[in-house]
Amino acid sequence: MILHIIFKEIIHRKLNFLLSLAAIGTAVALYVGFFTTAEASKKETARLMRDLGYSLRIIANDTDMTEFYNRGYSEKTLPEESVAQFASQRGLSYAHLLGTIYQRINWRGREVILTGISNELSPPDRNKPSMIFTIEQGTVYLGYELGQSLGLKKGDEIEIQGETFKIVNCLNEKGNMDDIRIYGNLKDFQKLLNMEGKINEIQALDCACLDPGVDVLAKLRAELNQYIPGAKVVRARTMAETREKQRYMLEQYLAMILPFAAVVCAIWIGALAMLNARERRYEIGVLRALGYRSGKIAALFLGKAIVIGVVGAGIGFAVGTWLALTFGPQIFEVTAKGIRPLYSLLTWSLLAAPAFAAVSSFIPTTIAVTQDPAETLRDE
């Protein structure tokens, strides 16, 4: 019976229904659109910040730091097995552990930096995709300057200290020492340099949160000393803090914009419900005078709000998802393929939107049903 009255009410007052539906649909569409693209935004930000490079360099304790900064790497070594040992621990503030070996050599009449890299490892509770390409044995990647100045290209074979390697790729220009590097598989270059089982450095990314009350470097050093006591960590502080500040800013922005949109739409729905109640004061007065109880009249208003919420949730989810899928890939190019419909949001929308609409209509409904019918009819 009540549903029949609700639908007759909707048909009779189409404009009010459509405006209320637009409010709910807008709220849901904004939420779904923002949340769907927010996931891509977080991934995009993490990927772009990650691509700034490794923020931690783990080197031998007895490294001469003047020589380290002048040369660009430590000539002292660590056991290669320390990478796997460290990566096997849980609860570390380190991720993306990469064992590396460096050596400057003269090659084809110029000084180059041989750079052997291992496969990237991460602790079991921080297992993430690799930040860097994997190099197969027998292959190398050339820095930009070497490829350009020597006329070398992908697929060419080169000889380094009597060993032959195939060029997999010539890297893009970076404007630093990376342009004169030859990147190879760690095992290959260890053998080439007679440094089997040794590395010069472990590169890593720190996962310590930006917290003014925490000495991040002290925390990183304490963890490192526990598992690799013969090493110390150098942190690129500016890079690490820039990465954390960017992530924090994004999270704060999303935390602000979504509640703001919800409040605006709640006011919108509440105002429409109030106008509807004011317009129908006389009808409500007649119904009360005829013996209709307040509960039944309230059910009419709240029931209508719930119907609007359900329909608005479906429309809002469809519109929000369409906006995210249409415009998201143009904004987040790196993670464009990761933008997909989040059907879990449809379930939450169908639960939250009716409740949201009902709560927004509660005060106008309460005012409408508590009015004295005699006073209402006398005014009319």
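Only this structure's heavy atoms are used, side chains among them; waters, hydrogens and symmetry mates stay out.
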Of the non-hydrogen atoms in [X] and [Y], which two are nearest, and what is the gap between them?
X	Y	result
Val28	Gly316	CG1-C, 3.6 Å
Thr115	Arg181	OG1-NH1, 3.0 Å
Leu205	His96	CD2-CD2, 3.7 Å
Ser349	Ala313	O-CB, 3.4 Å
Leu78	Ala60	CD2-CA, 3.9 Å
Ala95	Pro123	CA-CD, 4.1 Å

Residues that Tyr102 engages under ring pair (Phe, Tyr, Trp, His ring centres under 6.0 Å), provided they are two or more places apart: Tyr73

Any side-chain heavy atom of [X] sitting closer than 4.5 Å to one from [Y]?
X	Y	result
Leu152	Leu146	no
Phe68	Arg57	yes
Leu97	Glu120	no
Val234	Met65	yes
Arg221	Leu224	no
Asp178	Leu171	no

Those residues at least two apart in sequence (or on a different chain) that pass salt bridge (charged side-chain N to carboxylate O under 4.0 Å, His left out) with Lys153 are Asp156

Please say whether more than 12 non-hydrogen atoms of neighbouring residues, nucleotides or ligands are located less than 6.0 Å from CG in Asn176.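 Result for CG/Asn176: enclosed.
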
Would a distance-only check, ignoring hydrogens and angles, find a side-chain to backbone donor-acceptor pair under 3.5 Å from [X] to [Y]?
X	Y	answer
Gln85	Tyr227	yes
Asn200	Thr77	no
Ser82	Pro79	yes

Give a yes or no on whether [X] and [Y] share a hydrophobic cluster (residues Ile, Leu, Val, Met, Phe, Trp, Tyr; joining criterion: side-chain heavy atoms under 4.5 Å apart).
X	Y	result
Tyr144	Met177	no
Leu121	Ile58	yes
Ile113	Ile182	no
Ile59	Ile117	no
Ile158	Leu192	yes

Under 3.5 Å, is there a donor on one side chain and an acceptor on the other for Glu80 and Gln190? yes

With no hydrogens and no angle check, just 3.5 Å: does a side-chain donor-acceptor pair link Ser74 and Glu201?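 The criterion, which ignores hydrogens and geometry beyond distance, is not satisfied for Glu201 and Ser74.
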
Pair Asp188-Glu163, side-chain contact (heavy atoms from CB on, under 4.5 Å): steps then yes or no: CA-CA 9 Å; Asp188 284 344; Glu163 297 290 335; over 6 Å; no

What is the distance from atom [atom1] of [X] to atom [atom2] of [Y], rounded to the nearest 0.5 Å?
X	Y	atom1	atom2	value
Lys154	Leu142	NZ	CG	13.0 Å
Ile135	Tyr183	CD1	OH	8.5 Å
Glu145	Glu173	CD	CD	7.5 Å
Ile228	Lys232	CD1	NZ	14.5 Å
Thr100	Gln203	OG1	CD	5.0 Å
Glu67	Lys76	CD	NZ	10.0 Å

Report the relative orientation of the aromatic rings in Phe317 and Tyr343; use parallel for angles under 30°, tilted for 30 to 60°, perpendicular for over 60°. tilted

Parallel, tilted or perpendicular: which one describes the rings of Phe189 and Phe165, with boundaries at 30° and 60°? perpendicular

Here's a test for you: under side chain to side chain contact (heavy atoms under 4.5 Å, CB included), which of Leu186, Asn185, Ile199 qualifies with Ser118? Leu186

Checking side-chain contact (heavy atoms from CB on, under 4.5 Å) for the pair Arg235/Leu220: CA distance, chi angles, key distance, verdict? CA-CA 9 Å; Arg235 186 176 188 241; Leu220 292 167; 3.8 Å; yes

Got a list of side-chain donor-acceptor pairs under 3.5 Å for residues 105-112, not counting sequence neighbours?
from, atom 1, to, atom 2, distance (Å)
Trp107, NE1, Glu159, O, 2.9
Arg110, NH1, Ser149, OG, 2.9
Glu111, OE1, Arg104, NH1, 3.0

